[in-house]
Amino acid sequence: MESGIISVDKWRSGSQAYFLTHLHADHTAGLSSTWKRGPLFCSRLTARLLPCKFPSFDLSLLRILDIGTWHTLSLITPSSGDPTIVYVKAIDAHHCPGSVMYLFRGEFGCMLYSGDFRWEKTSVEAEIRRTMLLDALKNEKLDILYLDNTYCNPKYSFPPREVAAKKIVDIINSHPEHQIVIGIDSLGKEDLLLYISRELNIKIWVWPERLQIMHLLGFHDNFTTQTSLTRVRAIPRYSFSTDTLQGLNKLCPTIGIMPSGLPWVTKPLKGNENIFGSSPSSSCINKSNLSPDITKSSEKHDLIKDLGIASRFHEYIYTVPYSDHSCFAEIQEFVKLLRPINIKGIVSSSPYCIDPVYYFGHLCGTKQAFWRVHQKIENEEVEENRTCEDTNIKLASEGNSTKGKAGKKRKMDEFYFFGIRVSRVSLLRRLSRGVRIADDE
DNA sequence: GCGATCAGAT
DNA sequence: CACATCTGATCGC
């Protein structure tokens, strides 16, 4: 049987074509400026952004896939040496700029790799995308869906991004005298920042590399690297912490806003701090007379009363459920729409992320996968294993190329249309995402 | 010395 | 509690 025809967000050697869904770091681990293993397919926008991350990347290896158009790849069946045709269509994933899903058709059947995606149904764009996906699948069963299962648990529920964005503007407006910092990554959340910029009619500060990204995305008027021009700054998420906010508040009153799919917490609060801020006697209260006295009971009451979907985890920090991944209900809608024969989650890092078959197996074209997963769960220690593929990884005796307990995992793979080759994993480290299509396992 | 990988942090 | 990213250590060439 053939193996390793194409890889999605996986960069080991042996494939004939490589597909990148988007440029976040956990999907590019293994890619580098010296890439030469084969053609790399991606969206036009990803191709434009890619040199920022990989400056001397050989651009002659890039293959741009226009969204919504079928592309034809002539590949070789490794086992026989015979030519084979693979058709691929890229579909906007609405996760971050350039992000796409890939729909493949070939001898192996029909498969969709969702990548990271957000499936909001409130926008006009979402309706266009829904139609595009259904048209692409017309009269064709979907053999396998590789699904972004980041929040594949009913406990994960959050509103559309538009709602969260409004809340963030409300928070900013309710702090007219404060500096504002917002934690973001190197790509993503641009729509949020644009919305803030337009609603408040201000520019937003970003760090220089981020301004370059904004310009590549075509945003020339809403962002600046001059701190004097604005009170709203977007800073790297890794430098967004309680310490950062406490430091900033020694200079001037500042609040932090963390847009995230989940309530965000930093390291455990110390001493007599609590989620509504330090008591006046706390050693952590800052001593500057510029600092906001949020501990005044009347003001505290007003702030809390008005938080709505936002929450306040620290005296200076708000978290708002602005997520670039689908919530559980959206994932469910997506699966209901597609009715795949089989589903495979592409994320296995979260202790709460569960094999999507557990929740959605009954929506699939075959009940086999559903029953097998339920059987597996009933036969094992449910609370430990059903929510945590990492448990299997930790139990694995060796970090070879099969994830999980060899016997158990192989059993799991049997009902998938493809075997999945997963790179060697550290027993303690989460799996990277991605898939390499192979059916020889 | 360099890139890839890993561990630990935010 | 998650995600995405950074820094720094270690490994192999």
Side-chain angles (χ1 to χ4, degrees), chain A residues 9-13 21-37 49 52-57 95-97 99 115-118 148-158 161 164 181-190 192 207 209-210 213 234-248 256 258-269 275 311 313-314 317 319-328 331 345-354 387-390 393-394 399 401 422-434:
Chain A
D9 292 350
K10 273 274 178 215
W11 311 105
R12 292 182 170 270
S13 59
T21 59
H22 65 290
L23 276 168
H24 280 158
D26 54 334
H27 293 256
T28 59
L31 258 187
S32 71
S33 289
T34 60
W35 174 260
K36 51 181 183 289
R37 283 182 178 150
L49 296 169
C52 291
K53 201 174 180 83
F54 305 116
S56 55
F57 196 95
H95 171 70
C96 70
S99 67
D116 290 352
F117 75 106
R118 181 91 203 242
D148 171 16
N149 55 322
T150 303
Y151 294 127
C152 188
N153 187 311
K155 69 178 276 184
Y156 296 130
S157 174
F158 39 76
R161 284 173 287 199
V181 296
I182 302 171
I184 62 167
D185 295 311
S186 58
L187 192 62
K189 309 271 195 305
E190 291 77 12
L192 168 62
W207 61 100
E209 295 81 0
R210 200 56 161 94
I213 301 280
I235 65 169
R237 189 166 53 163
Y238 61 85
S239 63
F240 184 107
S241 68
T242 52
D243 286 348
T244 305
L245 267 294
Q246 281 167 1
L248 288 170
M258 178 54 71
S260 173
L262 282 183
W264 175 88
V265 288
T266 173
K267 63 190 175 186
L269 298 174
I275 63 166
S311 45
F313 266 87
H314 180 268
I317 296 176
T319 79
V320 182
Y322 186 104
S323 172
D324 288 326
H325 293 272
S326 299
C327 66
F328 180 80
I331 298 173
I346 63 175
V347 187
S348 57
S349 60
S350 158
Y352 290 98
C353 117
I354 177 167
T387 59
C388 187
E389 199 168 350
D390 275 351
I393 294 162
K394 283 167 190 158
S401 63
V422 176
S423 61
R424 183 179 66 82
V425 291
S426 157
L427 299 186
L428 298 175
R429 194 170 169 78
R430 71 180 189 183
L431 291 169
S432 64
R433 301 172 180 209

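Only heavy atoms go into these numbers, but all of them, side chains included; no hydrogens, no water, no symmetry mates. Order of the sequence lines sets the chain letters (A, B, ...), proteins ahead of strands, with each chain counted from 1.
- Of the candidates B:dT5, C:dA2, B:dT10, B:dT5 carries the atom nearest the A:R12 side chain, counting heavy atoms from C-beta on.
- The listed nucleotides are C:dC6, C:dA4, C:dA2; the one nearest the side chain of A:Y151 is C:dA2.
- Ranking B:dA4, C:dA4, B:dT5 by closeness to the A:H24 side chain, first place goes to C:dA4.
- Look at A:H95 and you'll find a side-chain N or O under 4.0 angstrom from OP1 or OP2 of C:dA4.
- Atom-to-atom, CD1 of A:I317 to C1' of B:dT10 comes out at 11 Å; the value is rounded to the nearest Å.
- A donor and an acceptor atom, one from each side chain of A:S241 and A:D243, are nowhere located under 3.5 Å apart.
- The separation between A:Y238 atom OH and C:dA2 atom P is 22 Å, rounded to whole Å.
- Inter-residue side-chain proximity for A:L49 and A:I213 is flagged as met; some heavy-atom pair is nearer than 4.5 Å.
- If you check B:dA4, C:dA2, C:dC6 against the side chain of A:R237, the one that comes closest is C:dA2.
- Here A:S186 does not reach the OP1 or OP2 of C:dA4: none of its side-chain N or O atoms lies under 4.0 Å away.
- Rounded to whole angstrom, the span from the CD atom of A:E209 across to the P atom of C:dA4 amounts to 20 Å.
- With distances taken from any side-chain atom of A:S32 to the nucleotides C:dT5, C:dA4, B:dA4, the minimum falls on B:dA4.
- Distance CD1 (A:I184) to C1' (B:dT10): 16 Å, rounded to an integer number of Å.
- A salt bridge does not link A:E209 to A:K53: none of the charged nitrogens lies less than 4.0 Å from a carboxylate oxygen.
- If you measure from atom CG of A:D26 to atom C1' of C:dT5, you get 9 Å, rounded to the nearest angstrom.
- The CG-P distance, from A:N153 to C:dC3, rounds to 12 Å in whole Å.
- Checked against C:dA2, C:dT5, C:dC3, the side chain of A:H325 finds its nearest nucleotide in C:dC3.
- Between A:H27 atom NE2 and C:dA4 atom P the separation is 6 Å, expressed in whole Å.
- For the pair A:D324 and A:R161, the minimum side-chain heavy-atom distance is below 4.5 Å.
- Using cut-offs of 30° and 60° on the angle between ring planes, the pair A:H22 and A:H27 is tilted.
- Look at CH2 on A:W11: it is 17 Å from C1' on B:dT5, rounded to the nearest Å.
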